[in-house]
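Down below is the structure, laid out as C-alpha cells.
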Amino acid sequence: MRRVARIFGLGAVLLGAGPVLGQQGHAGDAGVEVRRADVALQGAVAKAVRPPLDSVYEALQHTVRFRQVALSPNGRRLAWVESGSEAAGANPGGSIIQVLDLTESDAKPERITVCLAMRSCNESSLAWSPDGRKLAFLSDAGLGGPVQLYVANVSEGPVRKLTSFQGPASAPRWSPDGDSIALLVIEGEGAEHAKGPTGPAARETGVVQEAHPVRRVAVVDVDDSAVRKVTPESLFVYEYAWSPDSDQLAITAAPPPGDANWWVAKLHVVEVKSGRARLLYTPKWQLTEPTWSPDGKQLAFIEGLMSDQGSNGGDVYAVPVAGGKARNLTPGMKATATSLDWVVQGRVVFGAQVMGDSALGAVDPVKGGVTMLWKGPERISAGGVVGASLAEDGVTSAVVRESFTRAPDVWVGPVGEWKPVTRLNADLKLPVGPVRSVTWKSEGRDVQGWLLAPPTAPVGSARAPMATVIHGGPASGVVSGFQSMALLLTSQGYYVFFPNPRGSFGQGAEFVQANRRDFGYGDLRDIMSGVDAVLASEPVDPARLGVTGWSYGGYMTMWAVTQTQRFRAAVAGAGISNWQSYYGTNHIDTWMLPYFGASVYDEPDVYTRSSPINFVKLVRTPTLLEHGERDVEVPASQSYEFFKALKALGVETQLVIYADEGHGLRKPEHLKDRAVRMVEWFDAHLPPPNLPPAKVPMPMR
C-alpha cells in the first residue's frame, strides 16, 4: 500500500504495517507478496493496512472537477468551468470560468468572473457568440441570490450584466445572428422553490397543487438588455434550440407541472417575433436534444424509453420543420445515442453509450447508416451526458476525459486525436487496481458490466469482499468514469462490480425496453449471473458479497435482499419498497406509465408483483437505508416502510434521513456521511475470514 500512502499523504499510517511488501497501486499492475500464508491472518493484515477512510474521502474530494467545456464556433478559444482547483481556492464550494486562446502555443488560461474577491461564487452555463468573441454565462456574483446573465468580451472591455431575474434561470444560447441571447426562466408564484425534480421540494401546506410555476424561454437583446418572454404561458419548456435564421425556436414542452410532465413532452416550433407555437411532433416514448439542420429544414432529436429527465438515451430521429413524418435514422442500432450536434449539412454527430464504452457516432440524415467516429473505455463529455463540444467545422472538438483509473481533465483536437489542455489531475494516482469490462450471457442476452479491483490483489487462496453497485434509472448505464464512491471502496480492499443489466443504455432500444412490466425479475437474473461470472474468474469471496445502489439502484437493492440471501450486507439509497404506495405519493408518476403499461388504479397486480414489501418476510440480510428528507422523486416514506418491516421482523437495519435533502444529496457533510457510512456497514458485515462480525457505531457526522 506504499504508493497509495504517498498519493494520499498517509505514509505514517501505512509504512509500519509490516507483512505487506511493495505493490503497485494503479491499473495494469498486479501481484503482491505476503509472507504469511494463513488466510485469516491475510484478511486481518489486509484490513489493518487500509488507509484511513476519512483521509481517502477527503483526498478524493480535492480532485478538480469540470462541469462544462465549450469550444468557440471558430475553434479558436476554449472555455470551461472548474471547481476544486487551486485557482478556485478562494471560492470553496463554488466554480470558476477559465478561457484559453488555442491559437497561442504558450497562452495561459484567463479567469472571467464577476465574483467579488474572497466570496464563494457560482459561475457556469457557458455560451459563445457566433463570432467567438463574446462569452455569455450565468453567475450569482457571490451574492447568493438567483443567477443572472452576463456577457464578457474576451478580448477587451468589462463584463456586462444583462438581467435581473427574480427566479431561476438556465441554459443561455446565442441567436445565430448574434443579436440576442435566449435562456430558460421561471418567475411568478412558487418560482423560488423550483429546484427541479431531484432538488429538495418545498413543504406543501394549505391547499395543495393549485398553482404551478412555468418555465419559459426569454430572449434578451444584447445591446439594450430588453427582455421578452417568447413561449406560451401554458407550456413548461424543458429544452430549446435556435433556428439558423434566428426567427424560430424548437422547444420540448408540456403543460405544467414541469417536474411531472417531462415524460409527456412534445416537440413544438415557436415564432420568436409573434410567440406563436406550432406542435410539430408527438413522440411515442420520450424525446430530448432538439437540434436544427444547418439549412433550417429539419429537426433532429433523440427518442427512446427514458426514466429520468437529463439521463438522455435513444435513437436519432429527424422530422421536416414544415411538417411530415418523423424518421428513425438509427433503427436497430446496438448503441444508445445521448447527445446531438448537427453543424455540417450531411452529417448528424451524436454521443453514445456502446456496451459500457463511450462513443461518438455519425449518421447521414438522408441515406442513413451509422459510422462510429471514436469509441473507448472511458467517459467523454462536454459536461453532461456522453458527447463533445464541436466547432463549426464539425471536426475540432473539446471534451472532458475521465475513467475509473484517471481523474478528469480537458482535452482538445480532432475527434479521437485529442491533446490535453489541462493537467490539473494528471499526476493523481487513484486507489484502484486493474479494471476490466466483464461480459456474460443471461437468458440468451449479452450483458456487460465493469469490475474494479482493489490496489492490493489477494494472493494464493485468499479472497476479497465485493460490492455490487446497481445504477439508477433504470434507463441509464455505467461507463468508465471517475467514481469517488467506488474508489472509496477499492481503497479499502473491495472489488466493485457495476452491472449494466437489461433496461440499461448501451445495447439499443430493445435492450432498454427489456424490463418493462418486469421490474426486479429479469434484471436481477442478469445481475446475479454477472456476479457468478466474476466469481468464476476473480479472487472474490462468495461469502462476503454486498449490494448497494441509489434510486432505482436502491429499489433493486431492496428487491435483491427479498429474492436471494447471497448478499450478506446491503445499503439501499432512496429506494422504492412499495410501487403501489409510491405511485400515489411521488410527484413524477408520469414516468411509470410506459414501464408498467397502466396506472396502479387500472392494473394493480403488475405493481404488486415487483414490490419488495410483499416479500419482506424473506429478508435475512443486514440492510442500511439512506434517504433525503424532502425527496419527491422517491419519498422518504418508501424507506420508512421497509425499515419498519425489517425492524418488526428482527432483521438488522438502520435508517438515516438527511435533513432538507432531495433525491440527490447536495450538502458536503451529508455526501460524506452517506459514503463513509456505507463502507462502515460493509466492513461490519463482510469481515475477513474467521473473524466475527463487528457492530460498528455510526454517529451522524
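Quick caveat: nothing in here was measured; it's all calculated off a predicted structure.
- Residues D259 and H587 have side chains that never bring a donor and an acceptor to within less than 3.5 angstrom of each other.
- With no hydrogens or angles considered, no side-chain donor-acceptor pair links S358 and E378 at under 3.5 Å.
- The pair R436-E538 counts as a salt bridge, with a side-chain nitrogen and a carboxylate oxygen less than 4.0 angstrom apart.
- Taking 4.5 Å as the limit, every side-chain heavy atom of Y150 sits out of range of all side-chain heavy atoms of I112.
- One distance of note links CD of Q483 with OG1 of T490; it measures 10.5 Å at 0.5 Å rounding.
- Side-chain N or O atoms of D140 include none that pairs as donor or acceptor with a backbone N or O of P146 at under 3.5 Å.
- Note: E641 CD to L655 CG = 12.0 Å, rounded to the nearest 0.5 Å.
- Between V69 and S389, the shortest heavy-atom distance links the atoms O-CB, 3.8 Å.
- Looking only at distances, a side-chain donor or acceptor of S339 sits under 3.5 Å from a matching main-chain atom of V386.
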Side chain to side chain contact (heavy atoms under 4.5 Å, CB included) between T548 and M678, intermediate numbers included: CA-CA 9 Å; T548 186; M678 173 195 68; 4.1 Å; yes
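- Between L135 and L126 there is a side-chain heavy-atom pair separated by less than 4.5 Å.
- In this structure, E123 CD and Q98 CD are separated by 11.0 Å, a value rounded to the nearest 0.5 Å.
- For the pair S639 (side chain) and A636 (backbone), a donor-acceptor distance under 3.5 Å is absent.
- The shortest heavy-atom contact between T557 and A570 is CG2-CB, 3.8 Å.
- At a cut-off of 3.5 Å, with distance as the only test, a side-chain donor of D673 or Y658 sits close to an acceptor on the other residue.
- E626 has its side chain within reach of W550: a pair of non-hydrogen atoms, C-beta onward, lies under 4.5 Å apart.
- A distance of 12.0 Å separates CZ in F404 from CZ in F482, rounded to the nearest 0.5 Å.
- Smallest separation of non-hydrogen atoms from S83 and G94: CB-O, 3.2 Å.
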Steps toward ring pair (Phe, Tyr, Trp, His ring centres under 6.0 Å) verdict (Y640, F643): CA-CA 5 Å; Y640 274 105; F643 172 69; 7.3 Å; no
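- Taking each heavy atom of S311 and A475 in turn, the nearest pair found is OG-O, 3.2 Å.
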S139 vs Q148, side chain to side chain contact (heavy atoms under 4.5 Å, CB included): CA-CA, chis, key distance, verdict: CA-CA 6 Å; S139 175; Q148 304 300 333; over 6 Å; no
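- Side-chain atoms of L71 and L102, non-hydrogen and from C-beta on, do get closer than 4.5 Å to each other.
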Trace of the side chain to side chain contact (heavy atoms under 4.5 Å, CB included) decision for V632 with H663: CA-CA 7 Å; V632 293; H663 194 59; over 6 Å; no
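- V81 and S95 make their closest contact through CG1-CB, 3.7 Å (heavy atoms, listed as atom of the first residue, atom of the second, distance).
- The local environment of NZ in K647 is sparse, with at most 12 non-hydrogen atoms from other residues, nucleotides or ligands closer than 6.0 Å.
- With rounding to the nearest 0.5 angstrom, the OG1 atom of T621 is 10.5 Å from the CG atom of L545.
- Using a 4.5 Å heavy-atom cutoff, the side chains of Y552 and V634 are not in contact.
- Of the residues P52, S55, P431, the one that meets the side-chain contact (heavy atoms from CB on, under 4.5 Å) test with S491 is P431.
- You'll find the side chain of H627 stays beyond 4.5 Å of the side chain of E661, heavy atoms only.
- Looking at N312 and T338, their side chains never bring a donor and an acceptor atom within 3.5 Å of each other.
- With hydrogens and angles left out, the side-chain atoms of E652 and H685 include a donor and acceptor closer than 3.5 Å.
- Considering only heavy atoms from C-beta on, D409 stays 4.5 Å or farther from P420 through its side chain.
- Put simply, the side chain of S551 never gets that close to the backbone of G553: no donor and acceptor are under 3.5 Å apart.
- At least one donor-acceptor pair under 3.5 Å links the side chain of N425 to the backbone N or O of V64.
- Counting only distance, with no hydrogens or angles, the side chain of Q448 and the backbone of P499 share no donor-acceptor pair below 3.5 Å.
- Side-chain atoms of E82 and S85 form a donor-acceptor pair, as typed in the model, at a separation below 3.5 Å.
- Remark: of the listed residues V496, L452, V531, V547, V531 is the sole one forming a side-chain contact (heavy atoms from CB on, under 4.5 Å) with M466.
- In this structure, W411 and W418 approach most closely via the heavy-atom pair CE3-O, 3.4 Å.
- Put simply, the side chain of M558 does not reach to within 4.5 Å of the side chain of T623, judged on heavy atoms.
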Worked check of ring pair (Phe, Tyr, Trp, His ring centres under 6.0 Å) between F497 and W450: CA-CA 6 Å; F497 178 46; W450 291 100; over 10 Å; no
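- At a cut-off of 3.5 Å, with distance as the only test, no side-chain donor of R65 or S484 sits close to an acceptor on the other residue.
- Within the 3.5 Å criterion, the main-chain N or O of Q638 finds a donor-acceptor partner in the side chain of S577.
- In this structure, OG in S476 is found 8.0 Å from CG in N500, a value given to the nearest 0.5 Å.
- Under a 4.0 Å N-O distance rule, the pair D683/R50 qualifies as a salt bridge.
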S125/F137 under side chain to side chain contact (heavy atoms under 4.5 Å, CB included): CA gap, chis, key distance, verdict: CA-CA 5 Å; S125 302; F137 62 96; 5.8 Å; no
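- Within a 6.0 Å radius of CD in E629, other residues, nucleotides and ligands contribute more than 12 heavy atoms.
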